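The structure appears right after this line, and notes come after that.
Numbering of ligands and ligand atoms starts at 1, following listing order. Along the sequence shown, residues are numbered consecutively beginning with 1. Keep in mind it's a predicted model, so treat the numbers as computed, not measured.
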Amino acid sequence: MIASEPLVVAVPKGRILGEARPLLAAAGIKPESAFDDPDSRALSFATALPSVRLIRVRSFDVATFVAFGAAHLGIAGNDVLMEFDYQEIYAPLDLRIGRCRLAVAEPKALSEADDPAQWSHIRIATKYPQVTRRHFARRGVQAECIKLNGALELAPTLGLCRRIVDLVSTGATLRANGLVEVERIAEVSARLIVNRAALKTRPRDILPFVERMREAVDANAA
Ligand code: PRP
């Protein structure tokens, strides 16, 4: 019999990863030392469990790797899941980390005279064009989205557009750029995600992992 390939778990670079590490460790996933070596160019890492490898990719790409089955599991915010709406992804567990919100923001001066109920057509800079269009279409507002991949808060200052849809956590980035939140689109937190086909073919590998993560989340919340 051929031994199963290792399970591949995709984790996002950036802020969520710091909060996810203790949960992964509690589930037995401790990556090799190269994972924490800033000089290493490695992207795929062995872990203390021979049956599990970690890959570290951009947050949006976690969903893509998992949706196409290139990774079996991953950690992704529901912001990313809402944007892609991949049917191949099952999200069984809220990890209760990476909490923030997806919100509409605009310059403070504009907000003082602005009435969102009067909007019929707006131009918005965002990493989330699908979510943004859907959100505004629901109330009959046409949102023309300009896709940016970061530093969105610069867009109003430099005249690219007057409004943005972005993640807000502490609000410090908005404040530093003279913007205020005018509408909330969704509460966000990180989820454990699973490729549906992999779950069907390898339930005995994947379900215990999901359960260990669930226990780690419960212990973290207690
Ligand atoms: C996110 C987001 C905002 C910022 C909000 O960016 O896009 O810019 O965090 O956080 P705050 O409300 O606590 O200031 P991130 O730092 O993740 O980097 P990115 O712009 O590269 O996505």
Any luck finding a side-chain donor-acceptor pair between Arg191 and Ser189 under 3.5 Å?
-> yes
Residue Gly171 vicinity, atoms of ligand 1 by number, heavy atom under 4.0 Å | 11 (P), 12 (O), 13 (O)
Does atom 12 (O) of ligand 1 have a protein heavy-atom neighbour under 4.0 Å away?
-> yes
Can you tell me the protein heavy atom closest to atom 15 (P) of ligand 1 and the distance?
-> Arg15 NH2, 3.7 Å
Using a strict cut-off of 4.0 Å, indicate which atoms of ligand 1 neighbour a heavy atom of Asp166.
-> 2 (C), 3 (C), 7 (O), 8 (O)
Ligand 1 atoms in contact with Thr170 (distance to a heavy atom under 4.0 Å) = 11 (P), 12 (O), 13 (O), 14 (O)
What do you reckon, are the aromatic ring centroids of Tyr128 and Phe84 less than 6.0 Å apart?
-> no
min-distance protein heavy atom vs atom 5 (C) of ligand 1 -> Leu167 O, 3.4 Å
Passing option when Met213 is tested against Leu73, Val9, Leu192, Ile29 for side chain to side chain contact (heavy atoms under 4.5 Å, CB included) | Leu192
Atom 8 (O) of ligand 1: nearest protein contact (heavy atom, Å) = Glu153 OE2, 2.9 Å
Nearest non-hydrogen contact to atom 21 (O) of ligand 1 from the set Arg58, Arg101, Lys127, Glu181 belongs to Lys127
If we number the atoms of ligand 1 from 1 as shown, the ones under 4.0 Å from a heavy atom of Val168 are 12 (O)
Protein heavy-atom partner closest to atom 14 (O) of ligand 1 - residue, atom, separation in Å = Thr173 OG1, 2.4 Å
